[in-house]
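Quantities reported herein were computed from a predicted structural model and do not represent experimental measurements. Here, residue 1 is the first one in the sequence, and each next residue gets the next number.
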Amino acid sequence: MKKIFLKKINIVLTNDIIDDIISYKEQDHCLKTKMRKVIIMAFPVNAALLDSLVLAVVAKEDTYGYKITQDIRIAVDVSESTLYPVLRRLQKEDNLETYDREFQGRNRRYYRVTDKGKASLSLYREDWKLHRKKIEDILFTQGEENNINE
């Protein structure tokens, strides 16, 4: 019996690749579950990107740390141990504020975006639009007209 060991690497796995792996190892439910949840980006996630994602998630609704992590994991691979220092820094910079609410007999810390945080998020969104356009211009448009005529 061969064992497959998955190591986190900087590679993008498309759904087709994941489906191929799953069909090859259909019997292994554990592998199937892990592969469906894999989100790996080839590009590094920097502090500004994490800040913008956190602010965007919390701007939608006041929420707590674990849920923020789960929401951000849809786009990038991030752990709670990575995210909590980001939350503390955003709070220290007055982009977020916290309050506690009882949940199942325990206090749960909730985060709320401040007015300064809303302004920061607005700047991040504008910067992202410009950055994204410049990157897409290079990745998707330069040289395409030459390839079409060939």
Mind checking what makes salt bridge (Lys or Arg N to Asp or Glu O under 4.0 Å) contact with [X], not counting sequence neighbours?
| X | value |
| --- | --- |
| E97 | R112 |
| R106 | none |
| K134 | none |
| K129 | E126 |

Nearest heavy-atom neighbours spanning P85 and T82: CD-O, 3.3 Å

Tell me the closest heavy-atom pair linking D94 and K116, and the distance in Å. O-CB, 3.5 Å

Euclidean distance, K92 NZ relative to L87 CG, rounded to 0.5 Å: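 The CG atom of L87 sits 15.0 Å away from the NZ atom of K92.
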
CG on L130 to CD1 on I135, rounded to 0.5 Å: 11.5 Å

Restricting to side chain to side chain donor-acceptor pair (under 3.5 Å), what partner residues turn up for [X], sequence neighbours left out?
| X | value |
| --- | --- |
| D127 | none |
| Q91 | T98 |
| K133 | D137 |
| Y124 | D51 |

For K118, look at atom NZ and say whether over 12 heavy atoms of other residues, nucleotides or ligands are found less than 6.0 Å away. no

N107 atom CG, neighbour heavy-atom count above 12 within 6.0 Å: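 Yes.
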
Ring pair (Phe, Tyr, Trp, His ring centres under 6.0 Å) against Y66, all qualifying residues, sequence neighbours excluded: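 Ring pair (Phe, Tyr, Trp, His ring centres under 6.0 Å) check on Y66 returns nothing, list empty.
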
Contacts of K67 that satisfy side-chain contact (heavy atoms from CB on, under 4.5 Å) - sequence neighbours left out: E61, T63, Y64, D71

Under the side-chain contact (heavy atoms from CB on, under 4.5 Å) test, which residues partner A59, sequence neighbours left out?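 Expected list: V113, L121.
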
Does the pair L96 and T114 meet the rule for a side-chain contact (heavy atoms from CB on, under 4.5 Å), with working shown? CA-CA 5 Å; L96 294 176; T114 63; 5.6 Å; no

Please answer whether the main-chain N or O of V78 pairs with a side-chain N or O of R73 as donor and acceptor at a distance below 3.5 Å. yes

Looking at V45, I68, I72, V58, which one forms a side-chain contact (heavy atoms from CB on, under 4.5 Å) with L53?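 Single side-chain contact (heavy atoms from CB on, under 4.5 Å) partner of L53 among V45, I68, I72, V58: I72.
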
Do N95 and S120 pair up side chain to side chain, a donor and an acceptor below 3.5 Å, judged on atom types alone? yes

Keeping to residues at least two apart or across chains, list the ring pair (Phe, Tyr, Trp, His ring centres under 6.0 Å) pairs with something in residues 83-104. Y99-Y110

